[in-house]
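Because only heavy atoms are used, hydrogens play no part in the values below, and waters and symmetry mates are left out as well, while side chains stay in. Just so we're clear, the structure is a prediction, and the values are computed from it rather than from any experiment. Residue numbers start from 1 in every chain, and the chains themselves are labelled A, B, ... in the order their sequence lines are given, proteins ahead of strands.
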Amino acid sequence: MSWFQKLMPGRIRTDSRSKSRRVPDGLWTKCSACDAVLYRPEVERNLLVCPKCNHHMSLSGRARLKAFFDEGDLEELGTELQPVDVLKFRDSKKYRDRLVASQKETGENDAMVAMHGKLMGLDLVACAFDFRFMGGSMGSVVGERFVVAANRCLERELPLVCFSASGGARMQEGLFSLMQMAKTSAVLARMAESGLPYVSVLTHPTTGGVSASLGMLGDVNIAEPNALVGFAGPRVIEQTVRETLPEGFQRSEFLLRKGAIDMIVDRRELRQRIHAILSILTGAAESKPREGELLEAEAESDASSVNGLTIEGEVGDGDGDGSDASPSR
Amino acid sequence: MEANYLDFEQPIAELEAKIRELRNVDSDNSLNLAEEIRRLEEKCREKTESIFSGLSAWQVSQLARHPLRPYTLDYIPMIFDRFIELHGDRLYSDDPAIVGGLAKLDGRSVMIIGHQKGRDTREKVHRNFGMPRPEGYRKALRLMEMAARFSLPIVTFIDTPGAYPGVGAEERGQSEAIARNLRVMARLPVPIICNVIGEGGSGGALAIGVGDRTNMLQYGIYSVISPEGCASILWKDANRAETAADALGLTAERLKSLELVDKVIREPLGGAHRSPQEVAVRLSETIKAQLERLEAMDTEERLAARYRRLMNYGAFERS
């Protein structure tokens, strides 16, 4: 090893020895994007956002909601719903067995958690997909739980927030899963008719039937940084058009540029931003942030918009055709 | 092999070829020939019946995509009068994979919307194999909203492998276009009758498939994913499409028994392409009867029933 390599911090070194060095379980974790070795409790405090490179790692549905709501009373909704294998579906494994394995791994009974609680004092309902549970796929339980969540909003005139992370409809439930797209969109039509706001937060990754229903139907659509969101997955598109997709295709920044979403928000700022949006939409009073949260008072300065005025008045560079009548000297 | 026959139809194709041959023979012995032809025709019918009485889900999928299968624009003149096609989403483009327009059904004004596939290579490409882009769904939406303004019931014909998975389609918001249609159709104040006439391919089909009634032709399919797509994801092998088709439960009969489809419309022996007119008559009768019932309801009542229907989709248990 050269003197230069020795000087480099461990996380930059790429020789084979450092690669094979195992990260001990429990206390330490590795960022899935930059490979930095991170102190797990610190990363968890940071909502699984890498402190080194800002990569947003996958967050379970329950952890997501726990981080989103104020501490205190939370009522979980639709817990009584249980998935069934109505088609007796079997690929390399039985659907039944896949369900049991996912339930064991995640401690959840299906791919969505829904709760009623408070966000900086504002009463609301939020649901979150759990990508670990069969790729966050939407089957009958996910659809019904979303409807239960929205119905709570309709009954009590509350806003709804949904964090999606899903590969789409759950194939193992056949056409039942496709119909969940129609079902969840229908309940959102009722929300819209009732003048109740719905904020859709698209997290990595959200594709297929979830993106093409409840995902894209927010009054306000928000994406986390660098989330992959689209109808068809990139692999399918590459196979269809037979070309390599450009860097950043279907990522948050692309979606913002193409007009599919309203904004990209860092996970650590979602509480404040969603609260700010909802308090304007519902006319609710401002409320206190959680301890340790800084309310950057709508940080983006207005300076840039003021500048807009000065530019228009300026005469562009001369066309060079000499048609300008030059003032007499 | 005859190009216009499927693998499992080959025995039928052979018999039919033989019959054609005999018909073309000039012979003094015409009496004997006529008898031979009658005998072969009888055999051919029996063969067809036996093949079609035990079709697998995969065979039905192939029939749904049969090269001779009637498409939306084939049925429209057989069912409706004075069809006036309307074009464009007023935002970006016109998508030939979805057609739509005004027409009369038995004197009653209606709006028609349907997927459209192409017959020959050139038209197939023009119609993008019946795979719509966002502008197709937005054209459909424009026509649906127009229908609502003029109180025209909507009849849709579903026949698509799915929404197009392309770069431009993603850039222009394929997901949003589909999602918006789902939300609007759930509450549109005019009757909507959806008919799966061929392939009902996933979200791309559903985007014009939310309404008061869903009818399906006997050899149509309706599925969350194509058998090939499902096989390549779950079995890691697209050649297992046959197994996947079976597992997905995508046939009309199966979906009727699961209460996901309201009515199965019987096809003639050998499939819709053997007698499109016959299918058109049955479609027309079904649509008219359903429209009569739907129009007898007041709008609120009809919307409430549609909403209940949507909310009932799902199979789960309560613990």
Best-contacting candidate, [options], against chain B by heavy atom pairs under 4.5 angstrom:
{"options": "M181(A), Q239(A), Q82(A), Q180(A)", "result": "Q82(A)"}
{"options": "T79(A), L217(A), T184(A)", "result": "L217(A)"}
{"options": "N109(A), V229(A), I237(A)", "result": "I237(A)"}
{"options": "K93(A), R90(A), E80(A)", "result": "E80(A)"}
{"options": "K88(A), E173(A), R190(A), R257(A)", "result": "R190(A)"}

Pick one of side chain, backbone, both or neither for [X], based on which atoms fall under 4.5 Å of a heavy atom in chain A.
{"X": "A177(B)", "value": "neither"}
{"X": "V210(B)", "value": "side chain"}
{"X": "L248(B)", "value": "both"}
{"X": "S223(B)", "value": "backbone"}
{"X": "Y307(B)", "value": "side chain"}

Spacing of [X] atom [atom1] and [Y] atom [atom2] [to the nearest 0.5 Å]:
{"X": "E228(B)", "Y": "W58(B)", "atom1": "CD", "atom2": "CH2", "value": "4.0 Å"}
{"X": "Y219(B)", "Y": "L55(B)", "atom1": "OH", "atom2": "CG", "value": "5.5 Å"}
{"X": "L99(A)", "Y": "Q172(A)", "atom1": "CG", "atom2": "CD", "value": "8.0 Å"}
{"X": "R65(B)", "Y": "D159(B)", "atom1": "CZ", "atom2": "CG", "value": "11.0 Å"}
{"X": "K183(A)", "Y": "L182(B)", "atom1": "NZ", "atom2": "CG", "value": "14.5 Å"}
{"X": "L141(B)", "Y": "K139(B)", "atom1": "CG", "atom2": "NZ", "value": "13.0 Å"}

Decide if atom [atom1] of [X] counts as having more than 12 heavy atoms of other residues, nucleotides or ligands within a radius under 6.0 Å.
{"X": "E193(A)", "atom1": "CD", "result": "yes"}
{"X": "K258(A)", "atom1": "NZ", "result": "yes"}
{"X": "E253(A)", "atom1": "CD", "result": "yes"}
{"X": "E76(A)", "atom1": "CD", "result": "yes"}

Begin with the C-alpha distance, continue with both residues' side-chain angles, and end with the deciding distance and a verdict on salt bridge (charged side-chain N to carboxylate O under 4.0 Å, His left out) for R64(A) and E224(A). CA-CA 13 Å; R64(A) 165 78 70 180; E224(A) 283 193 340; 2.7 Å; yes
[X], part contacting chain B, at a heavy-atom distance under 4.5 Å:
{"X": "F254(A)", "value": "side chain"}
{"X": "V187(A)", "value": "both"}
{"X": "A182(A)", "value": "both"}
{"X": "L255(A)", "value": "neither"}

Which one, [options], leads in non-hydrogen pairs under 4.5 Å with chain A?
{"options": "V261(B), L250(B), V184(B), L258(B)", "result": "L258(B)"}
{"options": "A186(B), G166(B), A247(B), G249(B)", "result": "A247(B)"}
{"options": "G229(B), S202(B), G209(B)", "result": "S202(B)"}
{"options": "V167(B), N312(B), N181(B), I225(B)", "result": "V167(B)"}

I'd like to know if E176(B) pairs up with R180(B) as an ion pair, taking the criterion as any Lys NZ or Arg NE/NH1/NH2 lying under 4.0 Å from an Asp or Glu carboxylate oxygen. yes
How far apart are the C-alpha atoms of F231(A) and M216(A), what are their side-chain angles, what is the distance that settles it, and do they pass the side-chain contact (heavy atoms from CB on, under 4.5 Å) test? CA-CA 10 Å; F231(A) 178 66; M216(A) 278 294 161; over 6 Å; no
Show, in sequence, the C-alpha distance, side-chain angles and deciding distance for R172(B) and D89(B), and conclude whether the salt bridge (charged side-chain N to carboxylate O under 4.0 Å, His left out) test is met. CA-CA 13 Å; R172(B) 297 192 293 278; D89(B) 66 351; over 6 Å; no
Does anything in residues 230-243 of chain B get under 4.5 Å of chain A by heavy atoms, and if so which residues? C230(B), I233(B), L234(B), W235(B)
side-chain hydrogen bond (donor to acceptor under 3.5 Å, both in side chains), paired with D262(B), selected from K256(B), R309(B), R213(B): R309(B)
